[in-house]
Enquirer: 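This structure is in structure tokens; I'll ask about it shortly.
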Amino acid sequence: MTKGFNAGDAFPSDVVFSYIPWSDDSSEITSCGIPINYNASKEFANKKVILFALPGAFTPVCSANHVPEYIQKLPQLREKGVDQVAVLAYNDAYVMSAWGKANGVTGDDILFLSDPEAKFSKSIGWADEEGRTYRYVIIIDHGKVTYAAKESAKNTLELSSADAVLKQL
């Protein structure tokens, strides 16, 4: 089992997440939408992407700091050439979709992706024994990892924050 990524590594070719695309007709937090497979390997192949992961939707550090900071810094990330920002957690696609709506995110400004059973996070050794994703970030530039870091503790927000990522771009 690999442990994370190093700069220059290729992003794996078989990464699929679960996702509910945002739409005007299902913009209310109480509307569900239908989960689809999101082929991250294919979607990220020709883009500069920030994929940040966290232990769970609607949790204290994640809701109070991590996601809001990325929302706030999105214009600066775009200025640095970032095409896509995505947040990842083990929660199902319904919860991730509702969390995006609760944060006022519309369209595909930030994708709220589900890592079912933390399959991807476990495959890189970045999930805990309960199956929750660790807090981490991966910058992928046209299929190559340029930066990857896992936080040292669950409630730490240093290496994977939007400010830390901006310094790596």
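We count residues from 1, following the sequence as given. Nothing here was measured: the structure is a model prediction, and the numbers come from that model.
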Enquirer: What are the two closest non-hydrogen atoms of P35 and G33, and how far apart are they?
Expert: CD-O, 3.9 Å
Enquirer: Other than Y94, which residues form its hydrophobic cluster under the rule that side-chain heavy atoms must be closer than 4.5 Å?
Expert: I20
Enquirer: Flag yes if L159 and L54 sit in one hydrophobic cluster, no otherwise; membership is Ile, Leu, Val, Met, Phe, Trp, Tyr, and two members link when side-chain heavy atoms are under 4.5 Å apart.
Expert: yes
Enquirer: Report yes if some heavy atom in the side chain of L169 is under 4.5 Å from a heavy atom in the side chain of I139; otherwise report no.
Expert: yes
Enquirer: Give a yes or no on whether the backbone of A153 and the side-chain of R135 come within a donor-acceptor separation of less than 3.5 Å.
Expert: no
Enquirer: Counting C-beta onward and ignoring hydrogens, is there a side-chain heavy-atom pair between F120 and T133 closer than 4.5 Å?
Expert: no
Enquirer: Please check this pair: side chain of H142 against backbone of A45, looking for a donor-acceptor N/O pair closer than 3.5 Å.
Expert: no
Enquirer: For residues F58 and N91, determine if any side-chain heavy atom of one lies less than 4.5 Å from a side-chain heavy atom of the other.
Expert: no
Enquirer: Please tell me if the side chains of V105 and K101 come closer than 4.5 Å, counting only heavy atoms from C-beta onward.
Expert: no
Enquirer: For F112 and V95: C-alpha separation, side-chain torsions, deciding distance, then whether side-chain contact (heavy atoms from CB on, under 4.5 Å) applies.
Expert: CA-CA 9 Å; F112 283 74; V95 171; over 6 Å; no
Enquirer: Without swapping roles, check the side chain of H66 against the backbone of S160 for a donor-acceptor pair under 3.5 Å.
Expert: yes
Enquirer: For R132 versus G56, what's the shortest heavy-atom pair and its separation?
Expert: NH1-CA, 4.0 Å
Enquirer: At what distance, to the nearest 0.5 angstrom, does CD of E151 lie from CH2 of W126?
Expert: 10.0 Å
Enquirer: Closest heavy-atom contact between G125 and Y134?
Expert: O-CE1, 4.0 Å
Enquirer: Out of curiosity, D128 CG to E130 CD, how far, rounded to the nearest 0.5 Å?
Expert: 5.0 Å
Enquirer: Under 3.5 Å, side chain of N6 to main-chain N/O of D9, donor-acceptor pair present?
Expert: no
Enquirer: Can you give me the closest heavy-atom contact between P75 and I71, atom names plus distance?
Expert: CD-O, 4.2 Å
Enquirer: With side-chain contact (heavy atoms from CB on, under 4.5 Å) as the test, would you mind laying out the steps for D109 and V85 before giving the verdict?
Expert: CA-CA 7 Å; D109 284 347; V85 175; over 6 Å; no
Enquirer: Got a donor-acceptor contact below 3.5 angstrom from the K42 side chain to the V15 backbone?
Expert: no
Enquirer: Any side-chain heavy-atom pair from L111 and Q84 closer than 4.5 angstrom?
Expert: yes
Enquirer: Is any side-chain heavy atom of Y70 closer than 4.5 Å to a side-chain heavy atom of L77?
Expert: yes
Enquirer: Can you tell me how far apart NZ (K150) and CZ (F5) are? Round to the nearest 0.5 Å.
Expert: 14.0 Å
Enquirer: Applying side-chain contact (heavy atoms from CB on, under 4.5 Å), run through Y147 and I138 and close with a yes or a no.
Expert: CA-CA 6 Å; Y147 176 75; I138 304 168; over 6 Å; no
Enquirer: If I take atom CD1 from residue I34 and atom OG from residue S97, how far apart are they, to the nearest 0.5 angstrom?
Expert: 10.5 Å
Enquirer: May I ask you to check whether F52 and Y136 place their ring centres under 6.0 Å from each other?
Expert: no
Enquirer: Are side-chain heavy atoms of V87 and M96 found at a separation under 4.5 Å?
Expert: yes
Enquirer: So do the side chains of K80 and L166 get within less than 4.5 Å of each other, counting heavy atoms only?
Expert: yes
Enquirer: Indicate whether the side chain of Y38 and that of S114 have a donor and an acceptor atom separated by less than 3.5 Å.
Expert: no
Enquirer: Closer than 4.0 angstrom, basic N to acidic O: yes or no for K73 and D163?
Expert: yes
Enquirer: Check the pair W22, D108 against side-chain contact (heavy atoms from CB on, under 4.5 Å), reporting the backbone distance first and the verdict last.
Expert: CA-CA 7 Å; W22 189 92; D108 62 358; over 6 Å; no
Enquirer: Would you say L51 ends up clustered with Y90 if hydrophobic residues are merged whenever their side chains have heavy atoms under 4.5 Å apart, either directly or through other cluster members?
Expert: no
Enquirer: On a heavy-atom basis, which atom in K47 and which in E43 lie closest, and how many Å separate them?
Expert: CD-O, 3.3 Å
Enquirer: Distance check, rounded to the nearest 0.5 Å: L113 atom CG versus S18 atom OG?
Expert: 9.0 Å
Enquirer: Using a 3.5 Å distance criterion without hydrogens, assess whether the side chain of N103 forms a donor-acceptor pair with backbone atoms of G100.
Expert: no
Enquirer: Consider only side-chain N and O atoms of T146 and D141, and report whether a donor and an acceptor are under 3.5 Å apart.
Expert: no
